[in-house]
Amino acid sequence: MKRKLCSLAAIILVSAFAKAQITFTESTSILENTTLSSGVAMAVTDLNNDRLDDIIRIDDGINLQIEYQQADGTYQRVQVGNVASPWGISIADVDENGFNDIIVGGAYDGLRLLTANDDGTDFSLSTLGGPNIFVQNTNFVDINNDGAIDYFACHDDGISSPYENDGNGNFTYNLDMINAVSAGESDNSGNYGSIWTDYDNDGDLDLFISKCRIQAQGDPTDPRRLNVLYQNDGSNNFTEVAETAGLRPMAQTWATNFEDIDNDGDFDVVMVNHYTRSQIYENNGDGTFTDITTTSGVAPAMDALGFGIQVAMEDFNNDTFIDVVLTTTDGTHQLLLNDGDLTFTAVSNPFPNANDQIQSAAVGDLNNDGFVDLIAGYANGFNNPSGVADQVFMNDGNDNNWIKIALEGVESNSNGIGARVEIEGLWGSQVREVRAGESYGTQNSLITHFGLGTADEIETITVTWPSGTVDTAENINGNITITVREGEGVLGLEDVTDASGVSGLFPNPATTQISFTTTPNIQVNTIYVYDILGQKVRTQNIQATGIQSIDISNLTAGVYFVSIGDTVQKFIKK
């Protein structure tokens, strides 16, 4: 589906050069709780479907709190309650009610599902069945590609646990979906970072697990410390191929991430190792990888990292190239800016006034300005809260342009997790995957972000859904957030036209009113606005032709639908 969109953003000054440096400002004061110490598990994700990223943290590693981003840039806190002591967190809409749910888990204290109610204002707590495990990283992913989002949890002391979703948010432990055994005879322990990605570009999701059994330090061939890459044949049959792919460095790997660092259409790798240098790999395009750590210019930064924990990859300066953030337990956290030629430049003191070396980080747009921000956490050991307060670091931005793309699945899972999003423009092409849970212990925004450099328009957006459906839109202006619904294309900014003689619903997102134009052949005399649950919240009678307006200033932020004759149009109240 191809549509021409009009930008709702103000005209911005365009830099003469796409490449730009980046700075961050410590901005924890925007939060209601400025003293919370969370340990490692944290997330940045839009929970209430208002297209604004929220912050999910666990106070003292026990009490889960949500800071909801408001349209005016402030945050409102909701205390969810005791969730024991999680090491991993993943977020997705498991029951397809329009609001995201949360699963957390820790050291043999159960996998706890927090299900959002039907208006997103509260959560109910339940515990998944299956084996009691020592949870490390977790993911939401549609493993069997049936349209319902499944769950995968790494187990420190044994085989990792896959759970099948029945489509209504009920999970059943099912090792038949994937039996992620070690690369050799062992107890299958040592599973730490996990990521589901289509590394070989064949249209299905594969699984990479970073293996780091501490007790196996003295033997580089111990299966408990050999990374595993499970290649999907397209029919959910998985074969372990890490050594063939070149992603088994005989080190102890804690976390690995896959993104396209050279914009050639396939996913490259940044790998965090212990007791040896962390690495960057280039995807050769044939399912194999080449270590380019030395030639990329980051060897000194990797050496300074020390005992690395996490890796986050985003285009922080919006210059069209993916950058890298690395966190640590005992070294120096790093921000590596992508130079655009398979080399990187380490930024000196990237997060000024940090309380300590950053051990945990989740990223997303925390002030809705199109630049990716970061929330940082500090810990003792690997996950224990240190008492050092978490911090927000706001990206100061620059003159480069951007676009954010949210997905709504129909046949696929509602978040579009596992979808491939590709954009083309003056810079060439860029590609992303939608993921829920990556790196180690964290989740980043489900809203896909692209930097555009000096370009202010995207020539083509292509979304390839897990179902195989492909949606395409053309000539999309930059500096906006759009929604793509599976099978329908871009929503929310297109014109409304039908036989009733109504057109032009705007603006979207809106703050105080929505407007539309009626023509003399108008066939309806009443306009209705509904909330996400289908409750009528506004009624407007049409008295004349021309521009009509509906006051929405008193509506709370969220997603709404306006019914005009035979047309139903979605809009977002900010």
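- With Phe267 as the aromatic partner, Arg435 meets the cation-pi criteria of under 6.0 angstrom to the ring centre and within 45 degrees of the ring axis.
- Between Ile358 and Thr327, the closest heavy-atom pair is O-CB, 3.2 Å.
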One pair to check against side-chain contact (heavy atoms from CB on, under 4.5 Å): Met42 and Ile58. What are the steps and the verdict?
CA-CA 7 Å; Met42 59 171 57; Ile58 302 163; over 6 Å; no

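- Screening Gln136, Gln252, Lys211 against Tyr192 for a side-chain contact (heavy atoms from CB on, under 4.5 Å) leaves a single residue, Gln136.
- Using modelled atom types, no side-chain atom of Glu314 and backbone atom of Val372 make a donor-acceptor pair closer than 3.5 Å.
- No side-chain heavy atom of Leu207 sits under 4.5 Å from any side-chain heavy atom of Leu229.
- One N or O on the side chain of Asn97 and one on the backbone of Asn117 form a donor-acceptor pair closer than 3.5 Å.
- Note: Glu422 CD to Thr464 OG1 = 7.5 Å, rounded to the nearest 0.5 Å.
- Annotation: side chain of Val324 is not in contact with side chain of Ile280 (no heavy-atom distance under 4.5 Å).
- For Gly437 against Gln443, the heavy-atom pair with the smallest separation is N-OE1, 3.4 Å.
- Salt-bridge annotation for Asp198 and Arg420: absent, with no side-chain N of the basic residue lying under 4.0 Å from a carboxylate O of the acidic one.
- The line from CD1 of Ile261 to CG of Asp315 is 13.0 Å long, rounded to the nearest 0.5 Å.
- Thr197 and Glu433 share a side-chain donor-acceptor pair at under 3.5 Å.
- Taking CD1 from Ile447 and CG from Asp46, the interatomic distance works out to 5.0 Å, rounded to the nearest 0.5 Å.
- Defined by atom type and a distance below 3.5 Å, a donor-acceptor pair is missing between the side-chain atoms of Asn273 and Ser278.
- No donor-acceptor pair under 3.5 Å is formed between the side chain of Asn383 and the backbone N or O of Gly39.
- Residues Leu226 and Thr221 approach most closely at CD1-O, 3.6 Å, considering heavy atoms.
- Residues Ser467 and Asn145 come closest through the heavy atom pair N-OD1, 4.4 Å.
- A salt bridge does not link Asp222 with Arg213: every distance from a Lys NZ or Arg NE/NH1/NH2 to an Asp or Glu carboxylate oxygen is 4.0 Å or more.
- Under the 3.5 Å distance criterion, the side-chain polar atoms of Asp206 are matched with a main-chain donor or acceptor of Asn232.
- Side chain of Asn63 to main chain of Asp60: no donor-acceptor pair is present (N/O by atom type, distance under 3.5 Å, no hydrogens or angles).
- A heavy-atom distance below 4.5 Å is found between the side chains of Asp93 and Asp101.
- Between the side chains of Asn415 and Asn100, a donor-acceptor pair is found at a separation under 3.5 Å.
- Ser194 and Asn137 share a side-chain donor-acceptor pair at under 3.5 Å.
- Remark: side-chain polar atoms of Thr253 are not paired, donor with acceptor, to backbone N or O of Ser210 under 3.5 angstrom.
- Each of Glu67, Gln391, Gln65 was checked for a side-chain contact (heavy atoms from CB on, under 4.5 Å) with Leu31, and the lone residue meeting it is Glu67.
- If you take CD on Glu240 and CZ on Arg248, they are separated by 4.5 Å, rounding to the nearest 0.5 Å.
- Across all non-hydrogen atoms, the minimal contact from Gly489 to Asp471 is N-OD1, 3.7 Å.
- Note: Phe258 and Phe208 meet the aromatic proximity criterion, with ring centroids under 6.0 Å apart.
- Considering only heavy atoms from C-beta on, Glu185 stays 4.5 Å or farther from Pro223 through its side chain.
- Judged purely by atom type and a 3.5 angstrom limit, Gln310 has no side-chain atom pairing as donor or acceptor with the backbone of Ser439.
- In terms of modelled atom types and a separation under 3.5 Å, the side chain of Asn263 and the main chain of Gln430 share no donor-acceptor contact.
- Separating the CD1 atom in Ile133 from the SG atom in Cys154 is a distance of 8.5 Å, to the nearest 0.5 Å.
- Side-chain contact between Val363 and Phe316 is present, with at least one heavy-atom pair separated by less than 4.5 Å.
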Could you walk me through whether Val410 and Trp465 satisfy the side-chain contact (heavy atoms from CB on, under 4.5 Å) test, starting with their C-alpha distance in whole Å, then the side-chain angles of each, then the deciding distance to 0.1 Å, before giving a yes or no?
CA-CA 10 Å; Val410 178; Trp465 298 84; over 6 Å; no

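- Side-chain N/O atoms of Ser235 and Asn237 include no donor and acceptor closer than 3.5 Å.
- Each of Thr115, Ile149, Asn168 was scored for a side-chain contact (heavy atoms from CB on, under 4.5 Å) with Asp95, with one residue passing: Thr115.
- The backbone N or O of Asn33 sits nowhere less than 3.5 Å from a side-chain atom of Tyr75 that would complete a donor-acceptor pair.
- Between Asp187 and Asp157, the closest side-chain pair of non-hydrogen atoms is not below 4.5 Å.
- Put simply, the side chain of Leu336 reaches to within 4.5 Å of the side chain of Leu326, judged on heavy atoms.
- In this structure, the ring of Trp87 has its center no less than 6.0 angstrom from the ring center of Phe382.
- Ring geometry, Tyr440 versus Trp254: the interplanar angle exceeds 60°, so the pair is classed perpendicular (tilted spans 30 to 60°).
- Looking at residues two or more places apart in sequence or on another chain, you find no ring pair (Phe, Tyr, Trp, His ring centres under 6.0 Å) involving Phe344.
- Distance check: Phe450 CZ to Ile322 CD1 gives 8.5 Å after rounding to the nearest 0.5 Å.
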For residues 302-309, dump all side-chain donor-acceptor pairs below 3.5 Å to protein atoms at least two apart in sequence or in another chain.
from	atom 1	to	atom 2	distance (Å)
Asp303	OD1	Arg277	NE	2.9
Asp303	OD2	Arg277	NH2	2.9

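- Side-chain contact between Phe152 and Ile209: present, with at least one pair of heavy atoms (C-beta onward) separated by less than 4.5 Å.
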Name the atoms and distances for all side-chain donor-acceptor pairs under 3.5 Å in residues 169-180, with sequence neighbours left out.
from	atom 1	to	atom 2	distance (Å)
Asn170	ND2	Asp166	OD2	2.9
Asn174	OD1	Asp176	N	2.9
Asn174	ND2	Glu164	OE1	2.9

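- Counting only distance, with no hydrogens or angles, the side chain of Asn283 and the backbone of Asp266 share no donor-acceptor pair below 3.5 Å.
- Closest heavy-atom contact between Val463 and Val484: CG2-CG1, 4.1 Å.
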